[in-house]
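These notes concern the structure reproduced below.
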Amino acid sequence: MPLWTCEQCGAQFPESAEPPPVCLICEDERQYVNWKGQTWLTREELTKTHKLVWRDDLGIAGIGVEPGFAIGQRALLVPEADGCVMWDCVPLATHDAIEYVRSLGGLKAIAVSHPHYYGAVADWSEAFGGVPVYLHGDDRAFVTRQHAAIVPWTGDSHRLSDDIVLVRTGGHFAGGTLLHWGAGAEGRGALLTGDVAMVAMDRRSLSFMYSFPNYIPLNASAVRRIWAAVEPLAFERIYGAWWGRNIADDAKAAFEMSVRRYIAAISE
Ligand SMILES: [Zn+2]
Ligand SMILES: [Zn+2]
């Protein structure tokens, strides 16, 4: 029986003879149902129509889907001596891309910022012997394909190694998470934010939304909570969710300025 992928958000669903009746990610007010109506691809169909590509993105290897598919995020491979941590995920795992990740030392873990980027985490975990998949437990209702490798971590932070810690900020999703990589940006520190803190098009500032496609902002207290979680971290660089959507330098000052600007913009 096939596995099913939602064409609009890229979430993978369990094996079944028929596609699921609805996509719970797209039915949620933070996303939207395809204008054609709910549409699905089997994993085999998706593998025929799309491929994975990889390249360097400001010093970290990334993996994305071509041609563009669903939300269009790229995964990042944070390298450590005992294997990479995959940050965020793509809707597909292909043989060639798995071999590429093997050439970088393989995967030791997967961590995802929020449900829009869960993608094919189960396929990627299985390709590397069932490595753990860290998804914040507060978003467990949005896991579309349950899997034994999923670790529903709780609380406000979870350390993966000496240099890597997951930090829950909430906001866009209750379990919204950032990854802090102390060794990133040549040791000056990097923050990988998905779209929990969205790198804006000027690549010098960020925004914070409950729903990006439906333009539903967060309130001031939610944004203050995000900043309270980020302020203790040392970092100079931010990696957003798409190719090139990064803040190369001075990113902590940019974060603080963006929080102030955002709160001023939504205040009376
Ligand atoms: Zn969907
Ligand atoms: Zn999102």
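Basis for what follows: all heavy atoms, side chains included, without hydrogens, waters or symmetry-related copies. If you're wondering where the values come from, they're calculated on a predicted model, not measured in any experiment. Atoms within each ligand, like the ligands themselves, are counted from 1 in listed order.
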Go through His172 and Phe212 one step at a time and tell me if the ring-ring contact (aromatic ring centres under 6.0 Å, His included) criterion holds.
CA-CA 9 Å; His172 180 41; Phe212 289 94; 5.6 Å; yes

To the Zn ion (ligand 2), the closest N, O or S atom belonging to His172 is NE2

Measure the CG-OG distance between Asn219 and Ser267 for me, rounded to the nearest 0.5 Å.
10.5 Å

Apply side-chain contact (heavy atoms from CB on, under 4.5 Å) to residues His147 and Glu126 and explain how you reach the verdict.
CA-CA 10 Å; His147 195 274; Glu126 286 177 5; 2.7 Å; yes

Parallel, tilted or perpendicular for Phe173 and His116, by the 30°/60° rule?
perpendicular

Is Asp82 atom CG crowded by more than 12 heavy atoms from other residues, nucleotides or ligands, each under 6.0 Å away?
yes

Near the Zn ion (ligand 1), which protein N/O/S atoms are found at less than 2.8 Å?
Cys6 SG, Cys9 SG, Cys23 SG, Cys26 SG

Need one value: angle at the Zn ion (ligand 2), His114 atom NE2 versus His116 atom ND1, rounded to 10 degrees.
90°

Are side-chain heavy atoms of Arg145 and Tyr118 found at a separation under 4.5 Å?
no

Note: Asp249-Arg188 ion pair, threshold 4.0 Å (strictly below):
yes

